[in-house]
Amino acid sequence: MWIFLALVIVPIIEIALFIEVGGWIGLWPTIGIVILTAMIGTLLLRQQGFAALADLQGRLSEGRDPRSALAHGALILVAGIVLLTPGFFTDAVGFLLLIPPVRSALIQAIGSRVQVQANMHMNMHAESRPDRSTIDGEYVDITPPEEQETPGNSGWTKPAGDIKPPQ
């Protein structure tokens, strides 16, 4: 029901604002403002999107909780969508979502109603170990000789001794 109302109310608000602003400043300045806000929004979106991605990568590489960075990234994505939608109301909403304290307040408000589960898995390769050391070791093959495969015999071909010439 909420989505339906938003799909009806938001375009009505945008049309009303276009009529009002266009009546005050004229057609071409109104179109110019819409194009200018889309360009500025795209630049800000790109800058903050890369910053959010870097924050997410940093949190993941350090093994910290990525939920906050993911939530900020999702709201930046929503900001980009509404900024690219022509209109003054959607531009205002998009620019508000690009302000980090506004995003944090919105995440705090929504976060009290949303339950999130996190499942983290750490992969401990030598390059991800804190001391960056490699563990060295030795091994001995204890497979009995009768169970060891002949080198070069993949099982798809016959050994050279089993090949008979055509008659």
Side-chain angles (χ1 to χ4, degrees), residues 1-22 25 29-143 149 154:
M1 183 68 177
W2 290 105
I3 294 174
F4 175 74
L5 287 174
L7 291 174
V8 171
I9 292 173
V10 170
I12 291 171
I13 293 171
E14 293 293 7
I15 291 169
L17 286 172
F18 275 128
I19 292 170
E20 286 296 314
V21 173
I25 64 174
T30 303
I31 292 172
I33 289 172
V34 169
I35 292 171
L36 182 65
T37 57
M39 289 174 21
I40 292 171
T42 302
L43 292 174
L44 289 172
L45 174 68
R46 183 176 181 163
Q47 174 191 8
Q48 290 196 15
F50 283 133
L53 182 61
D55 182 36
L56 177 63
Q57 288 174 335
R59 287 174 180 269
L60 289 173
S61 69
E62 295 168 4
R64 294 187 296 144
D65 185 10
R67 289 180 288 185
S68 173
L70 285 170
H72 279 275
L75 288 177
I76 290 170
L77 177 65
V78 170
I81 291 169
V82 296
L83 277 170
L84 294 176
T85 303
F88 294 108
F89 178 71
T90 53
D91 285 348
V93 170
F95 282 123
L96 281 174
L97 288 175
L98 289 179
I99 300 171
V102 172
R103 283 197 312 266
S104 295
L106 189 59
I107 291 168
Q108 198 77 356
I110 293 174
S112 63
R113 296 185 214 166
V114 175
Q115 181 180 357
V116 178
Q117 284 186 326
N119 185 8
M120 294 183 61
H121 173 73
M122 297 213 37
N123 196 357
M124 293 299 288
H125 290 290
E127 64 269 6
S128 64
R129 292 172 47 87
D131 60 356
R132 302 272 192 238
S133 64
T134 302
I135 299 174
D136 198 11
E138 295 181 12
Y139 74 95
V140 175
D141 187 1
I142 59 171
T143 307
E149 291 187 23
S154 66

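What you see is a predicted model, and the numbers here were worked out from it, not measured in a lab.
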State which residues pass side-chain contact (heavy atoms from CB on, under 4.5 Å) with I9; sequence neighbours excluded, sorted by chain then number. L5, I13

I107 meets the side-chain contact (heavy atoms from CB on, under 4.5 Å) criterion, sequence neighbours left out, with A71, H72, L75

Write out all pairs satisfying side-chain hydrogen bond (donor to acceptor under 3.5 Å, both in side chains) with one or both partners inside residues 33-45, taking only residues at least two apart or from two chains. T37-D91

Taking ring-ring contact (aromatic ring centres under 6.0 Å, His included) as the definition, give me every residue that meets it alongside F88, ordered by chain and number, with sequence neighbours left out. F18

Which pairs count as side-chain hydrogen bond (donor to acceptor under 3.5 Å, both in side chains) when at least one residue sits in residues 12-21, sequence neighbours excluded? E14-T90

Side-chain atoms of residues 43-56: list all donor-acceptor pairs with protein atoms under 3.5 Å, sequence neighbours left out, distances to 0.1 Å.
| unit_1 | atom_1 | unit_2 | atom_2 | d |
| --- | --- | --- | --- | --- |
| Q48 | OE1 | R103 | NH1 | 2.7 |
| Q48 | NE2 | L98 | O | 2.6 |
| D55 | OD1 | R59 | NE | 3.4 |
| D55 | OD2 | R59 | NE | 3.4 |

ring-ring contact (aromatic ring centres under 6.0 Å, His included) partners of F95, counting only residues at least two apart: none

Can you confirm whether I33 sits close enough to I25 that some side-chain heavy atom of one is under 4.5 Å from a side-chain heavy atom of the other? yes

Write down the atom of V82, the atom of G94, and the distance for their closest heavy-atom approach. CG2-CA, 3.4 Å

Among residues at least two apart in sequence or on other chains, which ones pass side-chain contact (heavy atoms from CB on, under 4.5 Å) with I19? I15

Counterpart residues, side-chain contact (heavy atoms from CB on, under 4.5 Å), relative to V78 (two or more places apart): L97

